[in-house]
Amino acid sequence: MDGNTLYSIGELARRTGLTVKTIRFYSDRGIVAPTDRSPAGYRLYNIDAVARLDLVRTLRELGLDLPTIRKVVDRELSLPEVAAAHAEAVEVQIHVLRLRRAVLTAVAERGSTPEETELMHRLAQLSEDERRRLIGDFLDAVFGGLDAAPAFAGIMRSMTPELPDNPEAEQVQAWMELAEISLDPDFRAAMRRMAEDQAVEQARSDTMGPRRDIATAVRVQAGPALTAGIDPASPQADPIVAAFTAHYAHLLGRPDDVGLRHRLATRLESVNDPRRERYLQLLAVVNGWPAPESPAPLFDWSVQALRVRTQQ
């Protein structure tokens, strides 16, 4: 192309691949102004118009609006500045789309009601501060005001979800379900009772020096029995049950009798709440942690072993 040659809109359209209508549209808005006009009044363009039109088409495909494009081609804004701002806007759009996809996927999988869908949508769009307040309120309802604060501080940290800045869809879905669980008054009450029981045990342990909490002691004692396939109702289970009930009796300063074994069975059933296990599973997904091993088989075994021995 000759630098001094002027081209009609039709010729420019053939060279750029754009339609005449599109070029006229950009020309009318001053984005690609004509260099001159023919004696008949038709618009004529020089070689620079081709480069401008190529740039305009690229910027439009990237989603920039026409006022911004005009500032770029007129050199009022630098292209790097515009690109950086637009990349940031695109990142926001991606985040919104991920949230929408997560909500829609959850609705499709769960068959949610309109009310549940609305709740999921609101939970998905909470800001970081709002998410922290929601979980903080839950943890305060569970652990607030208990005496064993040093022991519970670590537990509270370990139960705090941290949704990353650019979460995967499954992390957003896990966050929404976790938030729903934490808002459940029955779950909060159950977790509070569990924490109060643990506080009593912890306070007693502090007077005797460091000791395992009962859930840990049961895991240590009953774990090998479960692995070995020992029937919880069999005589082989007697010394195992005796070991962790003796631990619990010493922990509470009470005799190892039927009443204590009933209490321990109830305690282990509360620890074995499937909602608590689900919370911890979702927490691992949100935080990108390895999936926790289910304690349910171990506590089921222990509760059955205790119930069998307290039926008389």
Side-chain angles (χ1 to χ4, degrees), residues 1-38 41-106 120-133 160-176 285-289:
M1 297 176 72
D2 191 322
N4 296 318
T5 302
L6 297 179
Y7 305 92
S8 68
I9 283 184
E11 292 172 321
L12 203 58
R14 286 191 293 273
R15 292 181 180 278
T16 61
L18 296 171
T19 66
V20 169
K21 183 179 179 180
T22 298
I23 296 175
R24 185 177 290 117
F25 174 80
Y26 291 148
S27 184
D28 290 343
R29 280 156 180 74
I31 295 173
V32 182
T35 305
D36 202 351
R37 287 187 178 267
S38 71
Y42 294 110
R43 290 178 250 204
L44 299 174
Y45 301 84
N46 63 12
I47 190 173
D48 291 340
V50 176
R52 288 169 73 94
L53 284 170
D54 284 340
L55 176 59
V56 170
R57 177 167 53 189
T58 299
L59 295 178
R60 285 296 287 166
E61 289 173 351
L62 289 172
L64 269 67
D65 59 89
L66 289 177
T68 301
I69 289 174
R70 179 170 183 174
K71 290 179 180 179
V72 171
V73 296
D74 289 344
R75 305 293 177 87
E76 294 178 30
L77 286 175
S78 73
L79 189 54
E81 289 175 332
V82 173
H86 196 62
E88 184 175 342
V90 169
E91 186 62 35
V92 172
Q93 290 177 321
I94 290 172
H95 180 68
V96 170
L97 290 173
R98 280 178 172 166
L99 293 179
R100 288 179 182 172
R101 181 179 65 174
V103 171
L104 291 172
T105 301
M120 285 190 291
H121 182 61
R122 286 191 286 109
L123 292 175
Q125 296 191 90
L126 292 180
S127 68
E128 182 179 354
D129 286 343
E130 290 169 330
R131 292 196 300 270
R132 287 184 180 278
R133 283 197 294 272
T160 301
E162 298 285 352
L163 193 66
D165 292 335
N166 295 300
E168 299 296 330
E170 66 173 2
Q171 289 177 299
V172 177
Q173 287 177 252
W175 152 252
M176 291 188 297
V285 175
V286 172
N287 288 358
W289 296 342

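Everything numeric in this text was worked out from a predicted model, so none of it was measured. All values below were derived from every heavy atom in this structure, side-chain atoms included, with hydrogens, water molecules and symmetry-related copies excluded.
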Can you check whether [X] reaches [Y] side chain to side chain, under 4.5 Å on heavy atoms?
X	Y	answer
Arg29	Leu66	yes
Ser38	Leu44	yes
Ser8	Tyr42	no

To the closest 0.5 Å, what do you measure between [atom1] ([X]) and [atom2] ([Y])?
X	Y	atom1	atom2	answer
Leu64	Leu55	CG	CG	9.5 Å
Thr68	Leu59	OG1	CG	9.5 Å
Tyr7	Arg14	OH	CZ	11.5 Å

Item to check | Those residues that, when tested against Glu170, pass side chain to side chain donor-acceptor pair (under 3.5 Å) (two or more places apart) | outcome: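 By the side chain to side chain donor-acceptor pair (under 3.5 Å) rule, Glu170 matches no residue at all.
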Next on the checklist: Among residues at least two apart in sequence or on other chains, which ones pass side chain to side chain donor-acceptor pair (under 3.5 Å) with Arg133?
Outcome noted: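 Applying side chain to side chain donor-acceptor pair (under 3.5 Å) to Arg133 gives none.
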How would you list, by chain and number, every residue that makes a side-chain contact (heavy atoms from CB on, under 4.5 Å) with [X], sequence neighbours excluded?
X	result
Arg24	Ile9, Val20, Asp28, Arg43
Thr19	Lys21, Thr22
Arg52	Val32, Val73, Asp74
Asp36	Leu6

Check: [X] side chain, [Y] main-chain N or O, donor-acceptor pair, under 3.5 Å:
X	Y	result
Thr35	Asn46	yes
Asn287	Thr160	yes
Thr16	Leu12	yes

Next on the checklist: Using salt bridge (Lys or Arg N to Asp or Glu O under 4.0 Å), reason through Glu11 and Arg15 one step at a time and then give a plain yes or no.
Outcome noted: CA-CA 6 Å; Glu11 292 172 321; Arg15 292 181 180 278; over 6 Å; no
Checklist entry - Just by distance, with hydrogens left out, do Tyr45 and Ser27 show a side-chain donor and acceptor under 3.5 Å apart? => result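 Yes, a side-chain donor-acceptor pair sits under 3.5 Å.
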Item to check | Stepwise salt bridge (Lys or Arg N to Asp or Glu O under 4.0 Å) check, Arg132 with Glu162 | outcome: CA-CA 9 Å; Arg132 287 184 180 278; Glu162 298 285 352; 3.1 Å; yes
